[in-house]
Amino acid sequence: MFLPSGSGQQALHPLKPAPWADLKVGGPRRLLLLCSQRLDKERQQLPVWSARERLVELVRDNQVLVVIGETGSGKTTQIPRFLYDAGLAKGGAVACTQPRRVAAVTVAQRVADEMGTDLGAKVGYSIRFDDRTSGATRIKYLTDGMLLREALVDPLLQRYKVVVLDEAHERTVATDVLFGLLKAVCRQRPADFRLVVMSATLDAAAFTRYFEGAQAAYVEGRQFPVQVMYTAVSEDSYQDAAITAALQVHCEEGPGDILVFLTGQDEIESCERLISEAAAALPPDPDRPQLAVLPMYAALPPEAQLRVFQPAPPNTRKVILSTNIAETSITISGVRYVIDTGFVKSRSYSPRLGADCLQVTPVSQAQARQRSGRAGREAPGKAFRLYTEASFQQLPPTTLPEIQRTNLASVPHLPAPACPLQLKALGVADVVGFDFMDPPPRAALLRSLELLLALGALDARGDLTQPVGAQLARLPVEPMYGKVLLASGEMGCSVEAVAVVAMVSTDVVFHLPRGKREEAVEAHQQFRCREGDHLTLLAVFRAYSDVSRKGHERSHWCRAHFVNPRAMRKAMDIHSQLKEHLQALGIPLVSCGEDTRVLRRALVAGLFPHAARRQLDGSYKVIASGQAVAIHPSSVLRAQNAKPECIVFNELVRTTRQYARDAVVVEPSWLPELAPAYFARQHANQQHNGGA
Ligand code: CDP
Ligand code: MG
């Protein structure tokens, strides 16, 4: 099946292996001292350890330092602490940004353990809707989006002496915006501010060019040779190929865990089942270890995430099925084999759809190399690419920065969602002329400015409006949802709107376990609301809120109703924070009771750019773009076979076709009524284009 690569993709420096300790994160309090001593030994074996004095010196002498080092060399866990220990944070703190929430949390926990302190004391983290910091926090891991939010109230980031922009190679929109802001902070705080940009890729030039006069430092990684194999012919299904390859490696290769890169939760869950079944059906062989299949993706509960870091029990081989989280953000020990499907799910703007969508796309060559590298962390390894060498050659060399491929008005999962909105709120008048490292396409910027105009966040001159624009910039949700919240205050349904926005911001609520699907669907029946998914989610929220908080009653309720308890706890948490935000903005909390019309109108007031209308043949078209969409199979509207004339929906998901996820029935006449300027213009455009 596989051919060794002709090009000899041998990795860089074969170094001697380091002992690997199998420490669990967060032991009982009494053991902490012991733990941190043991962890000290581990720290001292990391490649960055020997470079620590030099690194500190370089940061002292240079306002901006770019640090390049292989994943796993200790950058994220060690460098912030080196700087803190060296006194560079005196009178302030060190912030270290992460593009991924999971990384911010697990790394902060790790560093707290290493320092022998509680999480939230000297070391803490801050991610959207979850802040584990205190007045005593001196090393703070936070998502890049959170740092942007902090910049809204503290534009010069005075509370930090050092900001470490980590995983800079990921080039998320938030990181790219931070580049521009931090460049300005550097100019204004020449004496007491230091910036460290850290990246796993070897291209420091782009960063040093942008931050004129920046120094670059390379940390020599610990990397063993990795033999790269390709498939001889193209595979029809990368999922099938991944399952076959995992079993092939398991049966034919020596000891070592297997890391498989897949694209998303659904895929991981189905592969998890298929691999377990296939492994159970293998002919018995006393020499072959057991196979433990472990999933890893962002929405996985934290306990399950930590399981992948734990070493496999004796006589067991781990197979970790992961999204691209394991590419650079986290390091899993024990991996000797990597299976790379060559695909990743990423959000990008689709000109055809006129909106962002989640799409499975081929990785770049740089990503494929990163993935292969994961096999050579502790010993020589093998990487199996489930595509041909010719296909590899055709991949783009590097991944396009997110800022150049998304609809900037609504980058999800960012607390500071709209980059142009954020920039405006930060006082950047000329967003198009902003000093971006790689400017987003002008058209995307203009489009997002247009959306902000439609939402009333900007006025005709492009200035932030008061109070709407300023309020939307403050709310930790996408501007479209922010607008729903603001409108709900005026319309008299903010109690319900806050609950709905909390429910759509949490993880998947309805649990459909294998083997019990029908029972689960039956249990979900009682929440179903014919007017759509938002109201169905509201029904779940209300029912859950009515259950006593005492004992385990809420968990029992969730189990009985096949509802994800973690998603509900998170929704309750988001709910209380959004309520605080609304109170701070002076928005009254009023209920519309059972009058769903009011709530649906509030949803239209924010989600109108996502309105779709039924066509004569029963299909749907997004009004703004004219693109065809189908209601998502998970929607209650699908379950009842309802074909309302008009819907608004949360987001477009593209799999085999384009789906509108989370849809609610609205009346067509509300659109021009609640967003007159937008629909007048749409109408005019369509006339102009000769459309219907
Ligand atoms: O940032 P970089 O990829 O250079 O390395 P790091 O994240 O600082 O990781 C250094 C070491 O700490 C790795 O060997 C990780 O496996 C380990 N680590 C861990 O055991 N648990 C964590 N939550 C984070 C890191
Ligand atoms: Mg790192």
Side-chain angles (χ1 to χ4, degrees), residues 15 17-27 35-36 38-52 55 66-84 94 96-115 119 123 125 139 141-144 164-170 172 175 196-202 217-224 257 259 296 300 302-311 318 320 322 324-335 370-371 373-379:
L15 292 176
W20 188 258
D22 53 342
L23 250 144
K24 291 200 186 90
V25 176
C35 282
S36 59
R38 250 173 90 186
L39 291 171
D40 265 348
K41 268 216 195 96
E42 269 187 57
R43 296 179 64 207
Q44 291 165 13
Q45 271 142 6
L46 290 169
V48 291
W49 179 261
S50 48
R52 70 190 187 288
L55 281 170
V66 179
V67 179
I68 309 284
E70 251 312 309
T71 303
S73 53
K75 298 183 301 298
T76 308
T77 50
Q78 307 307 319
I79 291 180
R81 181 169 169 196
F82 293 161
L83 302 177
Y84 168 77
V94 182
C96 179
T97 65
Q98 297 293 314
R100 293 168 203 284
R101 300 158 55 94
V102 185
V105 176
T106 55
V107 167
Q109 178 70 64
R110 170 77 179 191
V111 176
D113 289 349
E114 285 181 0
M115 293 177 75
L119 190 59
V123 184
Y125 69 82
I139 301 178
Y141 290 91
L142 73 180
T143 50
D144 43 16
V164 180
L165 276 185
D166 200 1
E167 307 277 332
H169 61 274
E170 289 231 0
T172 57
T175 291
V196 180
V197 178
M198 306 205 294
S199 166
T201 53
L202 286 172
Y218 294 84
V219 177
E220 187 152 344
R222 184 205 287 139
Q223 179 72 38
F224 296 86
D257 297 333
L259 173 61
M296 181 71 194
L300 196 69
E303 315 83 72
Q305 283 180 357
L306 288 178
R307 272 177 60 207
V308 311
F309 291 104
Q310 287 161 13
K318 285 196 293 185
I320 301 127
S322 174
N324 68 333
I325 272 190
E327 216 170 85
T328 61
S329 284
I330 59 162
T331 307
I332 301 163
S333 67
V335 173
Q370 268 300 338
R371 290 179 172 192
R374 309 292 84 231
R377 272 260 309 133
E378 292 150 27

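Read the numbers this way: they start at 1 and go in the same order the structure lists the ligands and their atoms. Just so we're clear, the structure is a prediction, and the values are computed from it rather than from any experiment. For reference, positions follow the sequence shown, starting with 1.
Using a 4.5 Å heavy-atom threshold, the side chains of Ile332 and Ile320 count as touching. Side-chain contact between Thr328 and Glu167 is present, with heavy atoms from C-beta onward closer than 4.5 Å.
Within the 4.0 Å heavy-atom shell around ligand 1 one finds Gly72. At least one heavy atom of Glu70 sits closer than 4.0 Å to an atom of ligand 1.
Using a 3.5 Å distance cut-off with no hydrogens or angles, the side chains of Thr97 and Asp166 do not pair a donor with an acceptor. Using modelled atom types, one finds a donor on one side chain and an acceptor on the other under 3.5 Å when comparing Arg43 with Gln78.
Backbone and side-chain nitrogen or oxygen atoms of Arg377 are examined, and one is located within less than 3.5 angstrom of a nitrogen or oxygen of ligand 1. Note: no N/O pair closer than 3.5 Å links Thr328 and ligand 1 by distance alone. Here's the thing with Thr76: one of its N/O atoms is less than 3.5 angstrom from an N/O atom of ligand 1. Residue Leu46 has no N or O atom closer than 3.5 Å to an N or O atom of ligand 1. Ligand 1 has no N or O atom lying under 3.5 Å from any N or O atom of Val107, backbone or side chain. For Ser73, a nitrogen or oxygen atom sits less than 3.5 Å from a nitrogen or oxygen atom of ligand 1, counting backbone and side chain alike.
Near Thr71, meaning under 4.0 Å from one of its heavy atoms, ligand 1 places the atoms 3 (O). Within ligand 1, the atoms closer than 4.0 Å to a non-hydrogen atom of Thr106 are 23 (N), numbered from 1 in the order shown.
Contact check on Arg110 versus Glu42 returns a salt bridge, with a Lys/Arg side-chain nitrogen under 4.0 Å from an Asp/Glu carboxylate oxygen.
Side-chain atoms of Lys75 come within 3.5 Å of backbone atoms of Glu70 as a donor-acceptor pair (strictly under, hydrogens ignored). Judged by distance alone, the side chain of His169 and the main-chain N or O of Ser199 form no donor-acceptor pair under 3.5 Å.
Because the distance cut-off is set at 2.8 Å, Met198 fails to qualify as a neighbour of the Mg ion (ligand 2), as none of its N, O or S atoms comes that close.
Closest heavy-atom contact between Pro80 and Ile139: CB-CG2, 3.9 Å.
Looking at Arg110 against ligand 1, only its side chain comes within 4.0 Å, counting heavy atoms.
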